[in-house]
*Asks:* 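Okay, handing you the structure first.
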2 protein chains.
Amino acid sequence: MPEKPAELPVRPGRRRSTSQHELERVAFELFERDGFDATTVDDIARAAGIGRRTFFRYFDSKNDVVWGAFTDQLGRMREQFARRPADEPLMAAVRAVVVEFNRVDEAEVPRHRRRLELILRVPALQAHSTLRYGDWRAVVAEFAAARLGVEPASLVPQSIAYAALGVALAAYEHWLAHPGVELCDVLDTAMAELARGFGDV
Amino acid sequence: MPEKPAELPVRPGRRRSTSQHELERVAFELFERDGFDATTVDDIARAAGIGRRTFFRYFDSKNDVVWGAFTDQLGRMREQFARRPADEPLMAAVRAVVVEFNRVDEAEVPRHRRRLELILRVPALQAHSTLRYGDWRAVVAEFAAARLGVEPASLVPQSIAYAALGVALAAYEHWLAHPGVELCDVLDTAMAELARGFGDV
DNA sequence: GACGATAATGGCACCCGGTGCCAAATGGAA
DNA sequence: TTCCATTTGGCACCGGGTGCCATTATCGTC
């Protein structure tokens, strides 16, 4: 599948006519106007000036058009985990990295909000997100497993990864419902509760 | 959508020709033979001796055919939550009920295993499960909210519900990968870890 | 038995996401 | 200009899912 058009050396073959980024931009406009479900792939392709068949060369499915640079960001998240102090408590590290992973530029907040709204509120996208978040969970599980000296697939790393994702989703929902709050603050609060095992409650 | 054919009083109208239970039985045989993805709704309908259009009168989607009595069981789970002692720690109650919710008869274990295998291993079903588990999360969140004296939609009850579901999913995965272990034991272990905030790790 | 009301069924056309295929288009090098 | 490599787009098709309407089946009443 075509990645973002990086600065590639000139090479043989036809130039690409659009990009994931452009298609996403076009798609978001249509979703804003008509909603995700009422916007078809044909609509997006037409608006972007490409054929429908080409859309699927840029994205695996219609559902993938809202994920932006998520996969790239997972690499960044891995690097953040690699930089945590070795003697830091595991859950403290997870908390810090998850909060940092979700930090966005002030200018990106409206777009980020719309993205999360779609992902969490449109059933098709919410369902699909489970598959996309599988990669996110894998990053967390790998870190936890390394810390514990066990396999990433074993019970505790997986539990940690799933729980961290769950708590993050709860924080996203809260953020969407309360426009005045800071996402990172909500996340930090929720992750702190998780690390306490929701104690005293 | 037609529910299970309970002992209804005689009433006018055509009798139903099949049931959710029967369609599920037929479907599971086909999934066993060909896998979920290669089994079409036409296949299931044909094997059950009904028309394809009728299948969708029994199930909202192909993905729903594997969920058995899940929705009924949520009512049972609510009852179990209602019976927890009022002074029991919240997370202890959640742990106990989640474990109990997942207890199945010895005779049902093979079927339950196949069900979970499908749900967790087939991408389409895994994605769809997010929507189905939303109701499960709601039951947990309602209980937690009542204990905390807050709204079910607020941050902490949602975090608890999401985290509990996440940990349960990790336990299911572990159970599928280790046929010799008891599901309730794995669940209990994982929930205990959650209640400790994955402490000492 | 005929009739009316009711409920279930099934065929059909259609929508839409997604896929394989192949011919056409594009761009650079020789 | 030709050749090679890469991208594009149209098309036919598959399969999940839906609305619609005519048909079928059942029961109670007369």
Side-chain angles (χ1 to χ4, degrees), chain A residues 1-20 22-23 26-27 30-31 34-67 118 122-128 131-132, chain B residues 1-20 22-23 26-27 30-31 34-67 118 122-128 131-132:
Chain A
M1 181 171 79
E3 304 289 349
K4 250 184 342 215
E7 304 299 337
L8 295 177
V10 175
R11 47 97 196 242
R14 185 173 170 174
R15 292 294 86 74
R16 292 185 186 127
S17 59
T18 187
S19 65
Q20 287 191 330
E22 173 65 10
L23 289 178
V26 170
L30 294 174
F31 299 155
D34 301 322
F36 180 83
D37 290 326
T39 303
T40 67
V41 172
D42 278 319
D43 295 335
I44 301 170
R46 195 178 303 114
I50 60 168
R52 164 197 169 74
R53 186 66 187 82
T54 298
F55 175 87
F56 291 105
R57 295 203 171 91
Y58 285 84
F59 295 101
D60 283 345
S61 75
K62 180 187 171 186
N63 297 325
D64 289 300
V65 80
V66 300
W67 285 85
L118 287 167
V122 176
L125 290 176
Q126 188 187 13
H128 182 68
L131 304 180
R132 294 304 299 259
Chain B
M1 186 172 76
E3 303 290 347
K4 251 184 339 217
E7 304 299 336
L8 294 176
V10 174
R11 46 101 199 240
R14 185 172 170 173
R15 291 295 86 75
R16 291 181 186 127
S17 59
T18 189
S19 66
Q20 286 190 330
E22 172 65 11
L23 289 178
V26 170
L30 295 174
F31 299 156
D34 301 324
F36 181 82
D37 289 326
T39 302
T40 67
V41 172
D42 279 318
D43 294 336
I44 300 171
R46 195 178 301 116
I50 61 168
R52 160 196 174 78
R53 186 65 187 84
T54 297
F55 174 88
F56 290 104
R57 291 202 174 93
Y58 284 83
F59 295 102
D60 283 345
S61 74
K62 180 184 170 186
N63 296 327
D64 289 301
V65 80
V66 300
W67 285 84
L118 287 168
V122 176
L125 290 176
Q126 186 186 16
H128 183 65
L131 303 180
R132 296 302 300 257

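Labels below follow one simple rule: chain letters A, B, ... track the order of the sequence lines, proteins then strands, and each chain is numbered from 1. For clarity, every value in this text was computed on a predicted model and none was experimentally measured.
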*Asks:* Assuming nearest nucleotide by heavy-atom distance, tell me which of B:D37 and A:T54 is located more 5' along DNA chain D.
*Replies:*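 On the 5' side of the pair lies A:T54.
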*Asks:* Holding to side-chain contact (heavy atoms from CB on, under 4.5 Å), I want the full list of residues that pass it with B:T54, two or more places apart in sequence or in another chain.
*Replies:*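 Residues passing side-chain contact (heavy atoms from CB on, under 4.5 Å) with B:T54: B:I50, B:R57, B:Y58.
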*Asks:* Taking side-chain hydrogen bond (donor to acceptor under 3.5 Å, both in side chains) as the test, write out the residues that go with B:D64, two or more places apart.
*Replies:*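 Expected list: B:S61, B:H128, B:R132.
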*Asks:* As a test of reading the structure: which of C:dT9, D:dT8, D:dG16 is closest to the side chain of B:R52, going by heavy atoms?
*Replies:*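 Nearest to the side-chain atoms of B:R52, counting from C-beta on, is D:dG16.
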*Asks:* Give the rounded distance in Å between these two atoms: CZ of B:F56 and P of D:dC20.
*Replies:*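 Atom-to-atom, B:F56 to D:dC20, this comes out as 17 Å.
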*Asks:* For the side chain of B:R53, starting at C-beta, report the closest nucleotide among C:dA8, C:dC12, D:dG17.
*Replies:*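 Given the options C:dA8, C:dC12, D:dG17, the side chain of B:R53 is closest to C:dC12.
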*Asks:* With the threshold set at under 4.0 Å for non-hydrogen atoms, list the residues of residues 40-50 of chain B touching DNA chain D in residue-number order.
*Replies:*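 Nucleic-acid contacts, sorted: B:T40, B:V41.
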*Asks:* With a 3.5 Å cut-off and just heavy-atom distances, do the side chain of B:R14 and the base of D:dT26 make a donor-acceptor pair?
*Replies:*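 Donor-acceptor pair under 3.5 Å: no.
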*Asks:* Exactly one of B:V65, B:V26, B:D43, B:L125 should register a side-chain contact (heavy atoms from CB on, under 4.5 Å) with B:F31. Which one does?
*Replies:*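 It is B:V65, the one option of B:V65, B:V26, B:D43, B:L125 that forms the side-chain contact (heavy atoms from CB on, under 4.5 Å) with B:F31.
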*Asks:* Can a side chain N or O of A:S17 be found less than 4.0 Å away from OP1 or OP2 on D:dT7?
*Replies:*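 The answer is no; no side-chain N or O of A:S17 sits under 4.0 Å from OP1 or OP2.
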*Asks:* Taking the side chain of A:R57 as heavy atoms from C-beta outward, which of C:dC21, D:dG17, D:dT18 is closest to it?
*Replies:*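 My answer, after comparing the listed nucleotides, is C:dC21.
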*Asks:* Could you pull out the closest heavy-atom pair between B:L23 and B:I44, with the gap in Å?
*Replies:*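 Nearest pair, atom of B:L23 first, then B:I44: O-CG2, 4.2 Å.
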*Asks:* Tabulate protein N/O versus nucleotide N/O from nucleotides 27-30 of chain D, keeping only pairs under 3.5 Å, one per line.
*Replies:*
from	atom 1	to	atom 2	distance (Å)
D:dC27	OP1	B:R15	NH1	3.3

*Asks:* Check side-chain contact (heavy atoms from CB on, under 4.5 Å) between B:R14 and all other residues, then give those that pass, not counting sequence neighbours.
*Replies:*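 With sequence neighbours excluded, B:R14 shows a side-chain contact (heavy atoms from CB on, under 4.5 Å) to no residue whatsoever.
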*Asks:* What residues, two or more places apart in sequence or in another chain, satisfy side-chain contact (heavy atoms from CB on, under 4.5 Å) together with B:D37?
*Replies:*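 With sequence neighbours excluded, B:D37 shows a side-chain contact (heavy atoms from CB on, under 4.5 Å) to B:V122, given in chain and number order.
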*Asks:* Expressed in angstrom and rounded to an integer, what is the separation of B:N63 atom CG from C:dG17 atom P?
*Replies:*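 Value for this atom pair: 17 Å.
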